[in-house]
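Report on the following structure.
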Amino acid sequence: MVLASLRGVSFTYAYTEQPALREIDLDLEQGLLYAIVGPNASGKSTLGSLLRGIVPHFHEGELTGTVQVLGKNLLEWDPADLSREIGCVFENPFTQISGIKETVFEEIALGLENLGVAPEQIIERVEQVVAQLEIEALIAKNPNELSGGQRQKVAFASIIAMDADVIVIDEPTSQLDPESSDAVFAIIADLKARGKSIVLIEHKMDLVAQYADRVIALAGGRVVLEGPTLEVLSSPLLVEHDIAQPEVTVLAGMLADAGRPLARVPVTRADAADLLRDRMKGARRADRS
Ligand code: ADP
Ligand code: MG
């Protein structure tokens with residue numbers, strides 16, 4: 001099934017002048033990992049929130065065009081029903097903690113409780129995600145006393161526990177150290193391998209290159225590029241719109257400028273290493289002949 005399709009969608013938050021999203025046409029398929037990239041204030045979080053119905057159900061404003069999510073017009077979805085289908089890890093981990101639970105364990109269990117899952121199953125599920133995210137040391141703590149990074153992990157755990165088929169994840173590692181970021185991305189890779197549909201908002205291009213199937217690049221609330229990861233991340237249009245390219249793509253550009261282009265434009269380190277190895281083999285063969 002189609003995950004979402006947007007036709008001529010614009011959205012302006014209440015009490016603001018400029019639209020946050022402008023004339024967006026997009027089709028998202030299920031079972032893929034989409035990365036949304038773009039400069040600050042380009043509309044990434046708004047687009048993520050729109051897929052989950054938080055815009056316009058919770059953040060009010062003027063929505064034009066049509067948004068279909070999982071076969072139904074967004075405006076016809078009951079927000080509670082949609083929240084069962086689509087899990088959402090927000091950008092700001094301080095807004096994600098419920099504030100009504102006294103321990104991290106209960107906080108992670110809250111979503112499952114609301115779904116009416118049996119207590120034994122809740123305990124099993126929570127223990128599983130706690131182990132997966134390696135946050136055993138946090139479970140007895142008060143969620144309101146956690147640091148930003150700890151909250152981010154707890155918010156992520158709550159969503160994983162609910163096991164929705166679609167997950168929108170907004171800058172999941174913004175508050176995390178590199179080690180915890182790797183742990184979070186290992187889980188994202190695992191979710192993807194289990195066939196989940198993932199919409200990931202992420203500005204670290206090396207991670208996008210490594211994990212995304214397709215990339216949606218936004219600038220000024222418009223989609224400036226959408227397509228397979230390699231195609232989008234190697235496009236010169238990204239640079240024109242002030243969107244960073246992966247490190248190795250920039251390096252390949254410098255090589256090309258110096259008259260030593262690689263056979264293709266790489267976006268991941270592994271790809272760049274292969275291309276360089278091939279070229280060196282070719283050079284050795286040329287030396288021998
Ligand atoms: P990004 O995630 O790419 O940084 P956002 O979607 O958060 O971009 O923001 C897009 C635009 O919408 C920005 O101009 C921002 O100021 C505005 N905006 C975002 N959230 C709100 C809100 N809750 N109320 C009013 N304006 C908002
Ligand atoms: Mg954002």
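Values reported hereafter were calculated over all heavy atoms of this structure, with side chains retained and with hydrogens, waters and symmetry mates removed. In each ligand, atom 1 is the first atom listed, and ligand 1 is the first ligand listed. What you see is a predicted model, and the numbers here were worked out from it, not measured in a lab.
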With nothing but distance in play, are any N or O atoms of [X] less than 3.5 Å from an N or O of ligand 1?
X     : result
Gly43 : yes
Ala20 : no
Glu91 : no

* Asked: Hey, is Gly48 one of the residues with a heavy atom under 4.0 angstrom from ligand 1?
  ->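 Contact absent.
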Could you tell me the residue and atom name of the protein heavy atom closest to [atom], and the distance to it rounded to 0.1 Å?
atom                    : value
atom 19 (C) of ligand 1 : Tyr13 CE1, 3.4 Å
atom 3 (O) of ligand 1  : Lys44 NZ, 2.8 Å
atom 4 (O) of ligand 1  : Ala41 N, 2.8 Å
atom 6 (O) of ligand 1  : Thr46 OG1, 2.5 Å

* Asked: For atom 7 (O) of ligand 1, which candidate among Gly61, Ser49, Ser45 holds the nearest heavy atom?
  ->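 Comparing heavy atoms across Gly61, Ser49, Ser45, the nearest one to atom 7 (O) of ligand 1 lies in Ser45.
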Looking at [Y] and [X], is any side-chain nitrogen of the basic one under 4.0 Å from a carboxylate oxygen of the acidic one?
X      : Y      : result
Asp27  : Arg7   : yes
Asp163 : Lys196 : yes
Lys101 : Glu113 : yes

* To do: Using a cut-off of strictly less than 2.8 Å, determine whether Glu91 has an N/O/S atom near the Mg ion (ligand 2).
  =>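 Yes, since at least one N, O or S atom of Glu91 sits under 2.8 Å from the Mg ion (ligand 2).
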* Is there an N/O/S atom in Ser45 that lies less than 2.8 Å from the Mg ion (ligand 2)? ->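 So Ser45 does bind the Mg ion (ligand 2) by this criterion.
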* Asked: Does Tyr13 have its ring centroid less than 6.0 Å away from the ring centroid of Phe11?
  ->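 Close enough - the centres of the two rings lie under 6.0 Å apart.
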Could you see which bit of [X] sits under 4.0 Å from ligand 1, with heavy atoms only: side chain, backbone, both or neither?
X     : answer
Thr16 : side chain
Ala14 : neither
His59 : side chain

* Asked: Do we see a donor-acceptor contact under 3.5 Å between the side chains of Gln152 and Ser174?
  ->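 Per modelled atom types, Gln152 and Ser174 side chains form a pair under 3.5 Å.
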* To do: Ignoring hydrogens and angles, state whether a donor on the side chain of Ser158 or Glu107 is under 3.5 Å from an acceptor on the partner side chain.
  =>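 There is no such pair (donor and acceptor under 3.5 Å, judged by atom type) between the side chains of Ser158 and Glu107.
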* To do: Check each of Val130, Val154, Asn142 against Val104 using the side-chain contact (heavy atoms from CB on, under 4.5 Å) test, and report the only one that passes.
  =>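 Going through the options one by one, the only one that passes is Val154.
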* To do: Could you point out which residue of Ser180, Ser147, Pro172 forms a side-chain contact (heavy atoms from CB on, under 4.5 Å) with Lys153?
  =>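 It is Ser180; the other options fail the test.
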* atom 16 (O) of ligand 1 protein-contacted (non-hydrogen atom, under 4.0 angstrom) ->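 No.
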* To do: Kindly check if the number of other-residue, nucleotide or ligand heavy atoms within 6.0 Å of CD (Glu247) is above 12?
  =>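 Incorrect, the count does not exceed 12.
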* Above 12 or not: heavy atoms from other molecules or residues under 6.0 Å from CD of Gln128? ->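 For Gln128, atom CD is crowded (more than 12 foreign heavy atoms under 6.0 Å).
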* To do: Please say which of Glu226, Glu231, Glu29 ends up in a salt bridge (Lys or Arg N to Asp or Glu O under 4.0 Å) with Arg214.
  =>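 The passing option is Glu226.
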* Asked: At a 4.0 Å threshold, what atoms of ligand 1 neighbour a non-hydrogen atom of Pro39?
  ->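 What qualifies from ligand 1 is 3 (O).
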* Go through ligand 1 atom by atom and flag the ones less than 4.0 Å from a non-hydrogen atom of Asn40. =>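 Answer, ordered by atom number: 4 (O).
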